[in-house]
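Remarks on the structure that follows.
Excluded from the calculations below are hydrogen atoms, water molecules and symmetry mates; all remaining heavy atoms, backbone and side chain alike, are included. We name chains A, B, ... by the order of the sequence lines, and we start the count at 1 in each one.
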Protein chains: 2
Amino acid sequence: MAQRRPLAETRQLLVDAAIRVIARQGVASASTRAITAEARVPLSAFHYAFDSYDHLIDRVIESVTEGERAIAVAAVEIDSDVDADLETVVLRALDLYLDVLAAHPDQQQALLELMAYAQRTPGLEGRARDYYASSFALAEGALATRAGVEWTVPPAEIARLAIVLLDGLTTTWLADRDTEAARRTARLAAASLAGFAAQRVQV
Amino acid sequence: MAQRRPLAETRQLLVDAAIRVIARQGVASASTRAITAEARVPLSAFHYAFDSYDHLIDRVIESVTEGERAIAVAAVEIDSDVDADLETVVLRALDLYLDVLAAHPDQQQALLELMAYAQRTPGLEGRARDYYASSFALAEGALATRAGVEWTVPPAEIARLAIVLLDGLTTTWLADRDTEAARRTARLAAASLAGFAAQRVQV
DNA sequence: ATCCCTCTCGGTCGATCGTCCAGGTCGGTC
DNA sequence: GACCGACCTGGACGATCGACCGAGAGGGAT
């Protein structure tokens with residue numbers, strides 16, 4: 001009767017189940033029992049696979065942020081149409097993100113809740129900072145791939161502004177769910193970011 | 001032995017205590033027992049003063065958001081130096097906000113956590129939307145007081161962008177606590193917002 | 001066949017949660 | 001002095017939480 005599974009597989013099963021539960025019902029409702037029920041494994045399997053609840057959450061954060069990073073990298077690579085205007089490219093990226101957000105709002109809300117949980121939990125405090133740091137680096141890398149664009153301010157500052165805008169767009173949309181208004185704001189945001197670029201130089 | 005107090009006073013005592021506990025330890029730790037202990041009131045007084053836990057949280061959200069609004073109104077009124085450049089005024093307001101944020105980070109974190117809690121709790125879902133709606137209106141009002149400034153896009157859209165920027169600045173700072181970087185980003189944000197103003201007309 | 005290590009699972013622990021209630025104390029009104 | 005309604009409280013309820021234990025099942029190595 002017993003399901004025999006390699007330990008690593010059970011761990012992945014639990015992490016995935018935890019993400020689904022957190023997305024659907026929030027971190028507060030993601031108890032060990034709710035997660036194991038979602039994963040269809042006995043409650044006792046939880047503490048066999050993980051030393052503690054927070055160890056699981058740590059892995060969950062790792063998994064979610066890695067997923068975010070992969071999506072962002074893919075989006076940047078797809079949207080590297082060098083012939084298009086800079087502002088157009090930025091706006092297209094933001095609109096693409098809003099599509100993802102509107103399609104899977106629970107995912108982004110889960111990420112925010114996890115960050116808040118991490119900041120309140122001893123041993124996980126650094127996770128939020130690390131996530132933003134890697135976001136900055138990713139954005140700066142994306143800026144660097146736009147060959148031939150000079151910036152009037154350091155690219156690192158542009159990258160931070162971009163993340164700030166993305167973050168603000170997210171939290172604001174999550175609160176009022178007004179996609180049309182968010183797209184209008186995205187238009188302004190794209191114009192703002194592009195405004196810090198000097199005219200393109202010939203390559 | 002019994003402390004005799006008007007009911008309304010006990011209510012206010014509990015609301016204030018709840019805000020302190022939430023700011024210090026987060027919503028998750030703000031149990032009825034933690035709150036009543038903070039308020040130095042017997043546990044049983046809790047359900048004498050409030051029908052339920054969520055009724056208290058509702059009042060807490062009301063109190064916190066009203067406090068935010070009052071601060072914002074005061075800041076706008078103080079910072080209405082008509083002789084200064086628009087970008088300077090905006091930047092000064094943002095820097096002022098960053099001062100408040102750096103001085104009382106728990107307060108802003110508490111607000112964000114309360115919004116997340118409200119969105120997950122039946123009966124409180126609208127609170128987050130209402131808060132952002134009033135923030136937009138407040139920002140738009142602040143823009144309107146700058147007589148003689150014409151905007152190249154509707155003020156309502158500028159107002160939304162301003163709130164998005166403020167929100168992004170907040171969440172980002174709360175994650176990495178890098179005040180210097182936040183001030184640099186604020187500089188870019190102020191320049192962006194001011195960039196949507198047409199040249200000032202003579203009045 | 002024997003051993004051993006990995007894996008599984010039901011049951012239960014103590015702590016903490018929000019909520020409730022019966023009874024008690026007070027100040028004011030007849 | 002009798003009464004009443006507003007105010008206050010200790011103690012308990014059932015539910016749920018993270019964590020833990022010991023007995024057993026399974027499969028490969030010897």
Side-chain angles (χ1 to χ4, degrees), chain A residues 1-22 24-61 113-114 116-118 120-124, chain B residues 1-22 24-61 113-114 116-118 120-124:
Chain A
M1 202 56 183
Q3 284 273 359
R4 287 194 77 78
R5 240 189 305 257
L7 184 58
E9 198 174 324
T10 303
R11 270 202 261 258
Q12 194 58 48
L13 226 57
L14 285 171
V15 169
D16 291 342
I19 293 174
R20 288 197 301 274
V21 173
I22 292 173
R24 202 189 313 133
Q25 300 167 281
V27 174
S29 300
S31 63
T32 55
R33 286 168 176 80
I35 292 170
T36 52
E38 172 77 21
R40 298 177 171 279
V41 296
L43 172 60
S44 354
F46 189 101
H47 282 90
Y48 180 71
F50 294 98
D51 288 346
S52 73
Y53 181 80
D54 285 342
H55 276 68
L56 167 75
I57 295 296
D58 197 27
R59 291 304 198 87
V60 166
I61 291 176
E113 286 188 32
L114 282 169
Y117 180 87
R120 294 286 193 190
T121 307
L124 269 53
Chain B
M1 201 57 182
Q3 285 272 359
R4 289 193 74 80
R5 238 189 307 256
L7 186 58
E9 199 174 323
T10 303
R11 272 202 263 256
Q12 194 59 48
L13 227 56
L14 286 171
V15 168
D16 291 342
I19 293 174
R20 288 197 300 275
V21 173
I22 292 173
R24 201 189 314 131
Q25 300 167 283
V27 175
S29 300
S31 63
T32 55
R33 285 167 178 80
I35 292 170
T36 52
E38 172 77 21
R40 298 179 170 279
V41 153
L43 173 60
S44 352
F46 189 99
H47 282 90
Y48 179 70
F50 294 97
D51 289 346
S52 72
Y53 181 79
D54 285 342
H55 275 69
L56 167 76
I57 295 297
D58 198 26
R59 290 305 198 89
V60 167
I61 292 177
E113 286 187 32
L114 281 169
Y117 180 86
R120 294 287 192 190
T121 307
L124 268 54

Please tabulate, for the side chains in residues 29-36 of chain B, all donor-acceptor contacts under 3.5 angstrom to protein atoms that are two or more places apart in sequence or on a different chain.
residue	atom	partner	partner atom	Å
S29(B)	OG	Q25(B)	O	3.3
S31(B)	OG	A34(B)	N	3.1
T36(B)	OG1	T32(B)	O	2.9
T36(B)	OG1	R33(B)	O	3.1

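Contacts between residues 11-22 of chain B and DNA chain C, defined by a heavy-atom separation under 4.0 Å, are absent. Listed by residue number, there are no residues of residues 49-57 of chain A with a heavy-atom contact under 4.0 Å to DNA chain C.
Between H47(A) and the phosphate of dA19(D), there is a side-chain N or O to OP1/OP2 separation shorter than 4.0 Å. Of the side-chain N and O atoms in S31(A), none sit less than 4.0 angstrom from OP1 or OP2 of dT16(D).
Scanning all heavy atoms of the two residues, the minimum distance from F50(A) to R11(A) falls at CZ-CG, 3.6 Å. Between R59(B) and V15(B), the shortest heavy-atom distance links the atoms CB-CG2, 4.0 Å. When all heavy atoms of Y53(B) and H47(B) are compared, the pair lying nearest together is N-NE2, 4.5 Å.
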Short N/O separations, protein against nucleotides 10-14 of chain D, under 3.5 angstrom:
residue	atom	partner	partner atom	Å
dG10(D)	N7	S44(B)	OG	2.6
dG10(D)	O6	S44(B)	OG	2.9

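Taken from CD1 in I19(A) to CG in L14(A), the straight-line distance is 11.5 Å, to the nearest 0.5 Å.
Looking only at side-chain heavy atoms (C-beta outward), I57(B) and T121(B) stay at 4.5 Å or farther from each other. Between L56(B) and F46(B), some side-chain heavy-atom pair lies under the 4.5 Å cut-off.
Partners of S44(A) under the side-chain hydrogen bond (donor to acceptor under 3.5 Å, both in side chains) rule, at least two apart in sequence or in another chain, do not exist in this structure. Residues passing the salt bridge (charged side-chain N to carboxylate O under 4.0 Å, His left out) test with E38(B) are R20(B), R24(B), sequence neighbours excluded.
When rounded to the nearest whole Å, the span between CG of L7(B) and C1' of dG5(D) equals 13 Å. To the nearest angstrom, C1' of dT8(C) lies 9 Å from OH of Y48(A).
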Go through the steps for D54(A) and Y117(A) under the test side chain to side chain contact (heavy atoms under 4.5 Å, CB included), then give the verdict. CA-CA 10 Å; D54(A) 285 342; Y117(A) 180 87; 2.7 Å; yes

